[in-house]
4 protein chains.
Amino acid sequence: MDQVTGKTTVRQRLVETATRLFYENGYRATGINEVIREAGIAKASFYAHFKTKEDLLVTCLEQRHNQMMAQVQAFIADARSPAERVRRLFVWLGDPQSCGSRGCPYLNMASEFQDAGSRVREVVRWHKCSFRNMLRDILALHFMGKSKTTEQVEQAAEELYLLLEGALAASPVHCCSWPVETALRIAEDRFQLGG
Amino acid sequence: MDQVTGKTTVRQRLVETATRLFYENGYRATGINEVIREAGIAKASFYAHFKTKEDLLVTCLEQRHNQMMAQVQAFIADARSPAERVRRLFVWLGDPQSCGSRGCPYLNMASEFQDAGSRVREVVRWHKCSFRNMLRDILALHFMGKSKTTEQVEQAAEELYLLLEGALAASPVHCCSWPVETALRIAEDRFQLGG
Amino acid sequence: MDQVTGKTTVRQRLVETATRLFYENGYRATGINEVIREAGIAKASFYAHFKTKEDLLVTCLEQRHNQMMAQVQAFIADARSPAERVRRLFVWLGDPQSCGSRGCPYLNMASEFQDAGSRVREVVRWHKCSFRNMLRDILALHFMGKSKTTEQVEQAAEELYLLLEGALAASPVHCCSWPVETALRIAEDRFQLGG
Amino acid sequence: MDQVTGKTTVRQRLVETATRLFYENGYRATGINEVIREAGIAKASFYAHFKTKEDLLVTCLEQRHNQMMAQVQAFIADARSPAERVRRLFVWLGDPQSCGSRGCPYLNMASEFQDAGSRVREVVRWHKCSFRNMLRDILALHFMGKSKTTEQVEQAAEELYLLLEGALAASPVHCCSWPVETALRIAEDRFQLGG
DNA sequence: AATGAATGAGTGTTCATTCAT
DNA sequence: AATGAATGAACACTCATTCAT
C-alpha cells in the first residue's frame with residue numbers, strides 16, 4: 001500500500017500476485033501472462049518494473065522473507081519464556097493459515113533452480129541462514145545460565161532448524177499434522193522445553 | 001537391459017534419460033525434445049510408449065523407487081547390528097554418489113505438482129510411506145527385547161523418517177555435510193545407536 | 001520443386017517467401033509471422049527447418065547466389081564474343097526483371113548486419129568475391145592474345161566489378177537508367193568492348 | 001552546441017546519439033530506448049521534439065548531410081588544382097576517420113526504407129544529387145578551357161559519382177583499400193588527373 | 001515398432017508511442 | 001520544457017502433442 005494515496009502500486013500488485021501464483025503452481029508453470037492478467041497490468045508495464053521473470057521471483061522471495069520473519073516474530077512474541085517461544089514455532093509451522101500448506105516456498109523454488117550459482121538459490125540460502133540465526137538467538141536465551149558454550153548453542157540451533165525443516169518438508173507430502181507433532185516431541189525432549 | 005537380447009530397450013532408454021534430466025533440471029524445464037534427443041529416440045516413438053510427459057515422469061519415479069530401495073538395502077545389508085544399519089542410512093544419505101546432491105527427487109517433483117490429487121503426488125506419498133515402513137522394520141529389530149509397544153516403534157520410525165527428511169531437505173540448500181551430521185547426532189542420542 | 005512429387009517442399013516455400021520479403025522490406029522489418037503466413041506454414045514447422053531467423057536469411061542468400069549466377073551465365077551465354085558478354089552484364093544489371101529494382105540484396109542485408117564477424121557478412125563477401133571471379137574469367141578470354149599479365153587481368157576484373165557495383169548501388173537511389181549507362185560507357189572505353 | 005549557453009541542447013544530443021547508433025547498428029535494430037538512454041533524455045522529452053522515430057532519422061540524415069559536405073569541402077580546400085581536389089576526394093573516402101567504415105549511411109538507411117515514396121528515400125536522393133552537383137562544380141573547373149560542353153561536364157560528373165559510389169559500396173564488404181584505389185585509378189586515367 | 005513432418009497454443013521479451021502531471 | 005508510468009501490438013522462439021507412412 002502506498003502510504004499517501006492508499007493505493008497499491010503496480011509493482012506491489014505484481015509482487016503479491018506472483019508470490020501467490022509461484023507458490024501455488026510453481027515458477028515455470030506460472031506464465032508472465034497469468035501474472036499480469038491477475039494483477040490487471042499491461043505486459044510492458046511489467047517489464048518496466050522487472051528486468052526478467054527471474055528478477056520478479058527474486059523480489060518476491062526477498063519480500064516474503066521480510067514479511068515472514070515479521071509474522072513469526074509477532075506470533076511468538078507474547079510467549080512467557082524462550083521455551084514457549086520455541087514451542088510456538090511449531091504451532092506456527094503447523095498452521096496452514098500462517099505458513100501455507102504447500103511446503104516451504106523457498107525449497108520449492110530451489111528445486112526449480114538447480115544451477116548452483118543461481119540467484120534464486122542464493123536468496124534461498126540467505127533466507128534459511130537468516131531463519132537459523134533467529135533460532136539461535138531464541139535458544140541462546142533459553143540456555144542462558146545453563147552453562148552452555150557458544151558452540152553448543154550453535155549446535156542446538158542447527159538441530160532445531162533441522163527438525164523444523166524436516167517437518168516443513170514432510171507435511172505437504174502426508175497432508176497431516178504428525179510431522180509437526182513428531183518434530184516438536186523430539187525438540188521438547190532434547191531442549192527441555194517441557195512445561 | 002533386456003535380459004535376453006542384452007540391448008537396452010527404447011522404453012528403458014527413455015526412462016533413464018528422463019530420470020536424469022528431470023532430476024538435474026526439473027520437470028517443466030526439461031522438454032520432451034531434450035529427452036528424446038539425448039535418448040536417441042524419435043518423437044513419435046516416445047508417444048508410442050507413453051501417453052503424456054507426465055506419464056513418463058510417473059514411470060520414472062516408480063522405477064527409481066525400486067532401484068533406490070534396493071540400493072539402500074544393499075548399502076546397509078552387511079552392517080553387524082540394526083543400530084549400525086540406521087547409522088549407515090545417514091552415510092548413504094550424505095553420499096552424493098548414492099543419493100544425488102540436488103535434494104530428494106520426489107520432493108523436487110512434488111513441488112512442481114501442487115495439485116492435491118495429482119498422480120505425481122500420489123507416487124511421492126507412496127514412496128515416502130514405503131521408505132518410512134522400511135525404517136520401522138529396521139527399528140523394530142533394533143528395539144527387539146527392549147519392551148517397546150508397536151506404537152512406540154511406529155513413533156520412533158516417524159522420528160527417524162523426519163530426521164532423514166530434514167537432512168535431505170537442508171543438504172542441497174547449504175551444500176555441506178552438517179545437516180546429515182546433525183540429524184545423525186540426534187538419532188544416535190534418541191535411539192541409543194551409539195557403539 | 002520436388003522432382004518426384006512435383007510439390008514445392010515446405011522448406012523451399014519458406015526460402016522463396018523469405019527471399020522475396022527480406023528483399024522487399026528488409027530483414028528486421030520482416031517478421032517470422034509474415035513469412036510463415038505468406039508461405040502458409042505453421043510456426044513450429046518453420047523452426048523445425050531453420051534454427052533461427054538469421055539461419056533462414058543465410059540460406060536464402062546462399063540459394064539466391066546459386067540461382068543468380070546461373071541466371072546471369074544463361075543471360076550472357078549466347079553472346080558472340082567476350083566483349084559482348086561484358087556488355088550484356090550491364091543489360092542484365094539494368095533490367096529490373098532479372099536483377100530487382102531495390103538494389104543489391106546482399107549489400108542491403110549487409111547494411112543490417114554491421115557486426116564484422118556476422119555470418120551474413122561472410123556470405124555477402126563470399127558472394128561478391130565469387131562474382132568478381134566470374135568477371136575475371138570473362139575478361140581473361142576477352143584479353144586473350146593481347147599480351148596482358150595475370151595481374152593486369154585481375155586489375156581489370158576489379159575495375160569492372162567496381163563499375164557494376166557503383167551502378168548497382170546508384171540505380172535504386174535515382175530510379176533511372178543513367179547509372180548503368182554511365183558504368184557501361186566507362187567500361188566500353190576502358191576495356192575496348194566496342195563493336 | 002547552443003551558441004549562447006554553451007550547452008548541447010536536448011534535441012541536439014538526441015540527433016547526435018541517433019546518428020551514431022543508426023549508423024552503427026541500423027535503423028530498426030536501434031530502439032528508441034537505446035537512443036534516449038545513451039542521450040540521457042526522458043522518453044516523453046524525445047516525443048516532444050520528434051513526432052516519430054522516422055522523423056528523428058530524417059533530421060539526422062539532413063544534419064549529417066550538411067556536416068559531411070562542409071567536412072569534405074574543408075578536406076579538399078587547400079588542394080592546388082581541381083585535379084588534386086578530385087584525387088583528395090578518394091583519400092577522404094578511404095579514410096575511416098572521416099567517412100566511416102560501415103559504408104554510406106544514406107545507402108544503408110535506404111535499404112531499410114524500400115517504400116518508393118518514403119521521406120527517407122527522398123532525403124537520400126537529395127543528398128546524392130547534392131553530392132553529384134558538388135562533383136560537377138569541381139570538374140567544371142578542372143575542364144575549364146578544355147572546350148567541353150556543359151553536357152560533357154555533366155557526364156563526367158556522373159562518371160566520377162559512379163566511381164565514388166562503387167568504391168563506397170565495395171569497401172565495407174571487402175574491408176580493404178583496393179576498391180578506393182581501383183576507383184581512383186580509373187578516374188585518374190579518364191579525367192587526366194595525373195600530376 | 002518406429003518414424004519424419006507438421007502443428008496450435010504458448011513462452012518470455014521488446015517495440016514505438018501516449019498520457020497525466 | 002520535461003518527465004515517470006503505462007500501454008497494445010508485435011517480436012523471435014518453444015511447448016507437448018498428433019498424424020500419415
Side-chain angles (χ1 to χ4, degrees), chain A residues 2 7 9-11 13-14 27-36 39-57, chain B residues 9-11 13-14 27-36 39-57, chain C residues 7 9-11 13-14 27-37 39-57, chain D residues 9-11 13-14 27-36 39-57:
Chain A
D2 184 306
K7 291 194 298 185
T9 68
V10 166
R11 185 186 166 89
R13 275 227 299 293
L14 286 167
Y27 175 74
R28 296 196 89 113
T30 304
I32 289 288
N33 288 326
E34 204 181 344
V35 174
I36 60 167
I41 304 291
K43 194 176 281 198
S45 300
F46 169 82
Y47 280 96
H49 286 283
F50 300 95
K51 257 172 91 96
T52 64
K53 186 189 176 190
E54 193 174 329
D55 254 41
L56 171 63
L57 172 58
Chain B
T9 67
V10 165
R11 185 185 167 90
R13 276 229 298 294
L14 286 167
Y27 175 75
R28 298 199 84 115
T30 304
I32 289 288
N33 286 323
E34 206 181 343
V35 175
I36 60 164
I41 304 291
K43 191 173 290 194
S45 301
F46 169 82
Y47 280 96
H49 285 282
F50 300 95
K51 253 171 91 94
T52 65
K53 186 188 177 191
E54 194 174 330
D55 256 39
L56 171 63
L57 172 58
Chain C
K7 292 194 297 185
T9 67
V10 165
R11 185 186 166 90
R13 276 227 300 294
L14 286 168
Y27 174 75
R28 296 196 87 113
T30 304
I32 288 289
N33 288 325
E34 205 179 343
V35 175
I36 59 167
R37 180 167 22 88
I41 303 290
K43 192 175 287 197
S45 300
F46 169 83
Y47 280 97
H49 286 282
F50 300 96
K51 254 172 92 93
T52 65
K53 186 189 175 189
E54 193 174 330
D55 255 41
L56 171 63
L57 172 58
Chain D
T9 67
V10 165
R11 185 185 165 89
R13 275 227 300 292
L14 285 168
Y27 174 75
R28 299 200 82 116
T30 304
I32 289 288
N33 286 324
E34 204 181 344
V35 175
I36 60 166
I41 304 291
K43 189 173 290 193
S45 300
F46 168 82
Y47 280 95
H49 285 282
F50 301 95
K51 253 171 91 94
T52 64
K53 186 188 176 190
E54 193 175 333
D55 256 41
L56 171 64
L57 171 58

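By convention in this document, chain letters (A, B, ...) are assigned in the order of the sequence lines, proteins followed by strands, and residues within each chain are numbered from 1. All of these numbers come straight from a predicted model, not from anything done at the bench.
- Remark: C:Thr52 OG1 to C:Phe46 CZ distance equals 7.5 Å, nearest 0.5 Å.
- Regarding A:Leu57, its CG atom lies at a distance of 14 Å from the C1' atom of E:dG12, rounded to whole Å.
- Base pairing of E:dC15 is made with F:dG8, judged by Watson-Crick or G-U wobble geometry with both donor-acceptor distances under 3.5 Å.
- The listed nucleotides are F:dC13, E:dT3, F:dT7; the one nearest the side chain of B:Ile41 is E:dT3.
- Between D:Asn33 and E:dA16, a side-chain N or O to OP1/OP2 separation shorter than 4.0 Å is absent.
- Out of E:dG12, E:dA2, F:dG4, the shortest distance to the side chain of B:Val10 is found at E:dA2.
- Contact annotation: the side chain of D:Arg28 never approaches that of C:Tyr27 to less than 4.5 Å [non-hydrogen atoms, C-beta and beyond].
- Between B:Glu54 atom CD and F:dT17 atom C1' there is a gap of 14 Å when expressed in whole angstrom units.
- Atom CD1 of C:Ile36 and atom P of F:dT14 are 14 Å apart (whole Å).
- Searching all strands for a Watson-Crick or G-U wobble partner of E:dA2 with both distances below 3.5 Å returns F:dT21.
- Rounded to an integer number of Å, the gap from A:Ile32 CD1 to E:dG10 C1' is 13 Å.
- Put simply, the side chain of C:Lys51 never gets that close to the backbone of C:Leu56: no donor and acceptor are under 3.5 Å apart.
- At least one test fails for C:Lys53 against the ring of C:Tyr47: distance under 6.0 Å to the centre or angle within 45° of the axis.
- Put simply, C:Ser45 has no side-chain N or O that comes within less than 4.0 Å of OP1 or OP2 on E:dA5.
- Look at C:His49 and you'll find a side-chain N or O under 4.0 angstrom from OP1 or OP2 of E:dA6.
- For D:Arg28 and E:dA16, the CZ to P distance is 8 Å, given to the nearest whole Å.
- Taking the nucleotide of DNA chain F with the nearest heavy atom to each of B:Tyr27 and C:Ala29, the more 5' of the two is matched to C:Ala29.
- For B:Lys43 against F:dT17, a side-chain-to-base donor-acceptor contact under 3.5 Å is present.
- Each of B:Ala42 and A:Lys51 was matched to the nucleotide of DNA chain E holding its nearest heavy atom; the match closer to the 5' end belongs to B:Ala42.
- Nucleic acid contact for B:Ala48: none, since no nucleic acid atom lies under 4.0 Å from a heavy atom of the residue.
- If C:Lys53 and A:Ala44 are placed on DNA chain F by their nearest nucleotide, the residue sitting closer to the 5' end is A:Ala44.
- One distance of note links CD1 of D:Ile36 with CG of D:Leu14; it measures 8.5 Å at 0.5 Å rounding.
- Side-chain atoms of D:Lys43 never come within 3.5 Å of backbone atoms of D:Ile32 as a donor-acceptor pair (strictly under, hydrogens ignored).
- In this structure, CZ of C:Phe46 is placed 13 Å from P of F:dC11, rounded to the nearest angstrom.
- Contact annotation: C:Tyr47 reaches the phosphate of F:dC13 (side-chain N/O to OP1 or OP2, under 4.0 Å).
- When the P atom of F:dA16 is taken as reference, atom CG of B:Asp55 falls 14 Å away, rounded to whole Å.
- One atom, CG of B:Leu14, and another, P of F:dT17, lie 14 Å apart when rounded to the nearest Å.
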